[in-house]
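Naming convention: chains lettered A, B, ... in sequence-line order (proteins, then strands); numbering from 1 in each chain.
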Amino acid sequence: MEWLGLSYDEGPFYQSERFELYRAKVQQLLDSGQAYRCYCSQDELNAKREAALQNGQKPKYDGTCRNRTAAPAVDAPYVVRFKSPLTGETTFVDRIKGPITFSNEELDDIIIQRTDGTPTYNFVVVVDDAEMGLTLIVRGDDHVNNTPRQIPIYQALGYPVPEFAHVPMILGADKSRLSKRHGATSVMAYRDMGYLPEAMVNYLVRLGWSFGDQEIFSLDELIEKFSLDNVGKAAGVFNPEKLLWLNAHYIKTGDPERLGNLLKDYLAAIGVDSSQGPALPAVVKTLQERSQTLVEMAQGAAFYYRDEVAYDEEAVAKFLTADKRSILEALIRHLGACKDWSHDGVAAAFGQVMEETGLKLGKIGPSVRVALVGGTTSPSIYDVVQVLGQKTSINRLLMALTIMS
RNA sequence: GCGCUCAUCGUCUAGCCUGGCCUAGGACACCGGCCUUUCACGCCGGCGACAGGGGUUCGAAUCCCCUUGGGCGUACCA
C-alpha cells in the first residue's frame, strides 16, 4: 500500500494482540446464551456433512450440541458456536448490489472459537470492525455470503450493523479466479517488472469503476472523483495489455528526475552501474517515449553505461562495412571540433558530415548507431551522441573503425 | 446439489435507475495509412458488442419473466 501511495489513518493492528478482547466477547455470548459449546469431533462433522450432501441435503451443522441437555465430560475439548437464527430472513442493502436477502435457514451455527481457544475469521472481523467504529465495510464480493452470518453476530453483541459495499472481483483471462497462472498476483511483482505505482492504481481502479470516458486519473483526482455510485456489479477480467499501456503513459509523462532515481535499481538488477557516465535524467529523457516498463528502459539504457559496446553481429556485418569508414572518420572529425555540445550543436556536426559526403542522415545514421550502441535500435541518434558525451562518442566511433571489415 | 450474485465489442467500460437523443459512445489490443535517422511516440482511419427466448409498450440495450452461461459461498481458511 505504501508503494502504491495508499495511506491509512491508523494501524496496522494485529489480531494476535487482541485475543483477550475476542475471548471476552465470546464469553459474553456464552453468558447470554447466544453461543454454546460444541463437543462434536471433526470426524463426526465431516461424516455428517458428506452424508447430507449425498442425500441432497444442505451440509450444515445439525445442532447436536445446540440441543444437548446432558453435561459433557469436564475436560472434553470443544469449540464455541454462535446460535444463528433458525427462521426468518436476514436482509441488508448493499451499497453496490442493492438489497440482498438470505433465508436464515441457510445459516449455519458457525464456529467462533476453535478447540485451541483462538477465534475464527467471521467472528473476529465483526468485533474488530465494530470496536474500531467502522460504519462502512468495503470488501470483495466473495464476502457477500459471509455478510448474513456476520450481521446476527453484530446484533447479538449489541453493535450497530454497518453498511456494506461489495466490490466485484478480478478474474483471469479465462474468467476463473485470478491466480498465478494468469501472471503475477502480487502488486510487488509488478514493481519488479518495472511498473509504476500510479499505473497500477489507475489500472486497478478502472477495473470495476468508471467516470464517464476518462481513462487517466491521478491519485488526487481519484480521491476527488471516486464514488461507490460508479462501481460496477460485474467481475472484471485482468487485462495486462491495458496495464502496460497505462504504464507506458506514466513513463512517458513522468518526471525524468524521479524516473532516473527509480531506473538506477533496474539497471543495477541487470548488472549495470550507473554511478559513472551520463546523468540518469538525461538518459531517461531519451527513452521515455519508447519504454513501456522500467525494465525495458533499463535494457534500452544499458549501452550508455557499459564500457564495451555489445555489438550485434548481424548489425555489424550490415552497417560497419569498409565503405562506411570515411563517413565515420568525417564524423569523428566534426564531432571532435564541436564546441557546442548541445542537441543542436551535435546536429550541426552531423549536418557538416552530410554536406561533406553528400549523404542523407538515413545513409549514415545506421552505421553510427551500430558504432555507438552495438545494435540497430536506439533513441534518436543525435540524442544518443549528445547524452553519451563527446569523449565517449568519439572513442566508440574510433573503436568501430578498428573492427570494420 | 443448495444458496447468493452477475451478464453491452476479444478485454475494461459509457448508456440502464428516470424507456425514444443509440444506425450503441470511449479506451486497450488488433489491422491499414500518415509522420520518420532505427525502434518507438504521435496523428488519421478500420474491425468489433446489447447472451438466448418470451412478454409489457406506439417504441426496449434500457422494465418484467424464463433459459443459458460465469463468479462466489457452502471449513475448527481468511
Side-chain angles (χ1 to χ4, degrees), chain A residues 15 38 40-42 45-46 49 52-61 77-81 94 96-98 100-103 105-108 110-122 124-125 139-149 166 168-171 173-177 203-204 206-216 229-230 232-246 248-249 252 287-292 296 300 315 319 347 350 354 359-370 373 375-384:
Chain A
Q15 293 182 324
C38 172
C40 299
S41 76
Q42 269 187 80
L45 258 21
N46 289 339
R49 206 171 2 243
L53 226 36
Q54 293 266 308
N55 301 327
Q57 311 266 298
K58 296 184 213 315
K60 58 182 271 191
Y61 182 58
Y78 65 88
V79 299
V80 177
R81 285 183 187 274
D94 191 276
I96 291 165
K97 294 174 187 290
I100 299 179
T101 300
F102 288 81
S103 166
E105 284 160 40
E106 298 295 329
L107 268 30
D108 212 342
I110 60 164
I111 291 170
I112 59 175
Q113 189 178 89
R114 303 185 183 90
T115 308
D116 67 2
T118 59
T120 58
Y121 169 78
N122 273 305
V124 160
V125 286
R139 38 148 68 152
D141 74 9
D142 46 334
H143 282 288
V144 175
N145 298 275
N146 285 329
T147 310
R149 314 181 204 193
H166 288 99
M169 305 208 6
I170 300 173
L171 272 24
D174 58 359
K175 299 223 174 189
S176 71
R177 197 184 184 118
Y203 175 69
L204 256 13
R206 271 292 280 104
L207 196 54
W209 173 81
S210 60
F211 191 81
D213 286 339
Q214 193 172 338
E215 296 286 350
I216 309 289
D229 300 333
N230 299 320
K233 296 178 179 182
V237 173
F238 189 83
N239 181 222
E241 277 82 32
K242 190 152 184 181
L243 206 211
L244 196 59
W245 170 74
L246 275 164
H249 167 81
K252 220 173 298 167
L287 290 159
Q288 275 180 299
E289 295 219 316
R290 62 200 83 229
S291 306
Q292 292 187 290
E296 208 181 296
F319 295 110
F350 271 86
M354 286 186 264
L359 295 171
K360 292 196 171 176
L361 188 56
K363 288 292 173 193
I364 69 180
S367 300
V368 175
R369 177 170 283 109
V370 176
V373 177
T376 52
T377 72
S378 81
S380 158
I381 201 68
Y382 297 166
D383 288 338
V384 169

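Looking only at distances, no side-chain donor or acceptor of A/Y203 sits under 3.5 Å from a matching main-chain atom of A/L244. Formation of a donor-acceptor pair under 3.5 Å by the A/D116 side chain with backbone atoms of A/T118 is found in this model. Looking at A/D108, its side chain does come within 3.5 Å of a backbone N or O of A/Y61 through a donor-acceptor pair.
The residues A/E215 and A/K242 are annotated as salt-bridged, a charged nitrogen and a carboxylate oxygen being separated by less than 4.0 angstrom.
B/C50 sits 8 Å from B/G10 when the P atoms are compared, rounded to a whole Å. When the P atom is compared between B/C21 and B/C16, the two are found 12 Å apart, to the nearest whole Å. Here, B/G42 and B/A78 have their C1' atoms 48 Å apart, quoted to the whole Å. Separating the C1' atom of B/A75 from that of B/U8 is a span of 38 Å, rounded to the nearest Å. Rounded to whole Å, the separation between the P atoms of B/C64 and B/G25 comes to 25 Å. One P atom belongs to B/A7, the other to B/U13, and the distance between them is 11 Å to the nearest Å. Across the C1' atoms, B/U37 and B/G46 are found 30 Å apart, a figure rounded to whole Å. With both ends at atom P, the span from B/G26 to B/C34 equals 24 Å, rounded to whole Å.
With contacts defined as side-chain heavy-atom distances shorter than 4.5 Å, the pair A/I170/A/L204 qualifies. By the 4.5 Å heavy-atom criterion applied to side chains, A/T115 and A/Q42 are not counted as neighbours.
With B/U5, B/A78, B/C72 as the candidates, the nucleotide lying closest to the side chain of A/K97 is B/U5. The nucleotide whose nearest atom lies closest to any side-chain atom of A/R177 is, among B/G73, B/U13, B/U5, B/G73. Listed candidates were B/A29, B/G3, B/C72. Nearest to the side chain of A/E241 is B/A29. Nearest nucleotide to the side chain of A/A234, out of B/C6, B/U5, B/G71: B/C6. Side-chain proximity of A/K233 to B/C28, B/C6, B/G73: nearest is B/C6. Residue A/V237 places its side chain closer to B/C12 than to any other of B/C12, B/C76, B/C72. Each of B/G70, B/A27, B/G1 was ranked by its minimum atom distance to the side chain of A/K175; first place goes to B/G70.
Each of A/L45 and A/S176 was matched to the nucleotide of RNA chain B holding its nearest heavy atom; the match closer to the 5' end belongs to A/S176. If you find the closest nucleotide of RNA chain B to A/Q57 and to A/T101, the one lying nearer the 5' end belongs to A/Q57.
A/R49 has no side-chain polar atom (N or O) that falls below the 4.0 Å cut-off from OP1 or OP2 of B/G1.
Following rounding to the nearest Å, A/K242 (NZ) and B/C28 (P) show an atom-to-atom distance of 7 Å. Distance, A/D141 CG to B/A7 P: 11 Å, rounded to whole Å. Between A/N239 atom CG and B/C9 atom P there is a gap of 14 Å when expressed in whole angstrom units. What separates CG of A/L107 from C1' of B/A75 is a distance of 15 Å, to the nearest Å. To the nearest angstrom, C1' of B/C12 lies 6 Å from CZ of A/R206. Look at CG on A/L246: it is 13 Å from C1' on B/A29, rounded to the nearest Å. One can place CG of A/L171 at 13 Å from C1' of B/G69, the figure rounded to the nearest angstrom. Look at NE2 on A/H166: it is 15 Å from C1' on B/G3, rounded to the nearest Å.
Among the atoms of the strands shown, none is found under 4.0 Å from any heavy atom of A/G300. Here A/N46 lies out of heavy-atom contact (under 4.0 Å) with every strand. Among the heavy atoms of the strands lying under 4.0 Å from A/V144 are primed sugar atoms or P, OP1, OP2 only; no base atom is included. Residue-level contact check: A/R149 touches the backbone only, with heavy atoms under 4.0 Å from sugar-phosphate atoms and none from bases. Among the atoms of the strands shown, base atoms are found under 4.0 Å from some heavy atom of A/E215. In this structure, A/H143 reaches the bases: a heavy-atom distance under 4.0 Å links it to at least one base atom across the strands shown. As judged by a 4.0 angstrom heavy-atom cut-off over every strand, A/D116 is placed among residues making no nucleic acid contact.
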Could you list the protein-to-nucleotides 46-53 of chain B atom pairs, N/O on both sides, closer than 3.5 Å?
none

The contact string for nucleotides 31-42 of chain B, one letter per nucleotide 5' to 3', using protein heavy atoms under 4.0 Å with B, S and - for base, sugar-phosphate only and none, comes out as ------BBBBSS

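Aromatic ring centroids of A/H143 and A/Y121 lie under 6.0 Å apart.
Residue side chain A/D142 does not reach the base of B/G73 through any donor-acceptor N/O pair under 3.5 Å, judged by distance alone. One can find a donor-acceptor pair under 3.5 Å joining the base of B/C76 and the side-chain atoms of A/T115.
Within the shown strands, B/C58 is the pairing partner of B/G20 under the Watson-Crick or G-U definition, both distances less than 3.5 Å. Pairing partner, B/C2: B/G73, with both Watson-Crick or wobble hydrogen-bond distances short of 3.5 Å. Pair assignment for B/A7 gives B/U68, based on Watson-Crick or G-U wobble hydrogen-bonding distances that are each under 3.5 Å. In a base pair of the Watson-Crick type (N1 to N3 plus N6-O4 or O6-N4) or a G-U wobble (N1-O2 and O6-N3), with each distance short of 3.5 Å, B/C43 is matched with B/G33.
Between A/N230 and A/S210 the shortest heavy-atom distance is CB-O, 3.2 Å.
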Take A/K233 and A/D94 through the test side chain to side chain contact (heavy atoms under 4.5 Å, CB included) and record every step on the way to the result.
CA-CA 11 Å; A/K233 296 178 179 182; A/D94 191 276; over 6 Å; no

### Task
For A/H166 and A/I96, run side chain to side chain contact (heavy atoms under 4.5 Å, CB included): C-alpha distance rounded to whole Å, both residues' side-chain angles, the deciding distance at 0.1 Å, then the answer.
CA-CA 6 Å; A/H166 288 99; A/I96 291 165; 5.7 Å; no

key: side chain to side chain contact (heavy atoms under 4.5 Å, CB included) assessment of A/V384 paired with A/V373   = CA-CA 8 Å; A/V384 169; A/V373 177; 4.2 Å; yes

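No hydrogens or angles considered: nothing links the side chains of A/N122 and A/T120 as a donor-acceptor pair under 3.5 Å.
Ring planes of A/Y382 and A/F350: tilted class, angle from 30 to 60°.
Base orientation at B/C34 is anti, since its O4'-C1' glycosidic dihedral falls outside 90° of 0.
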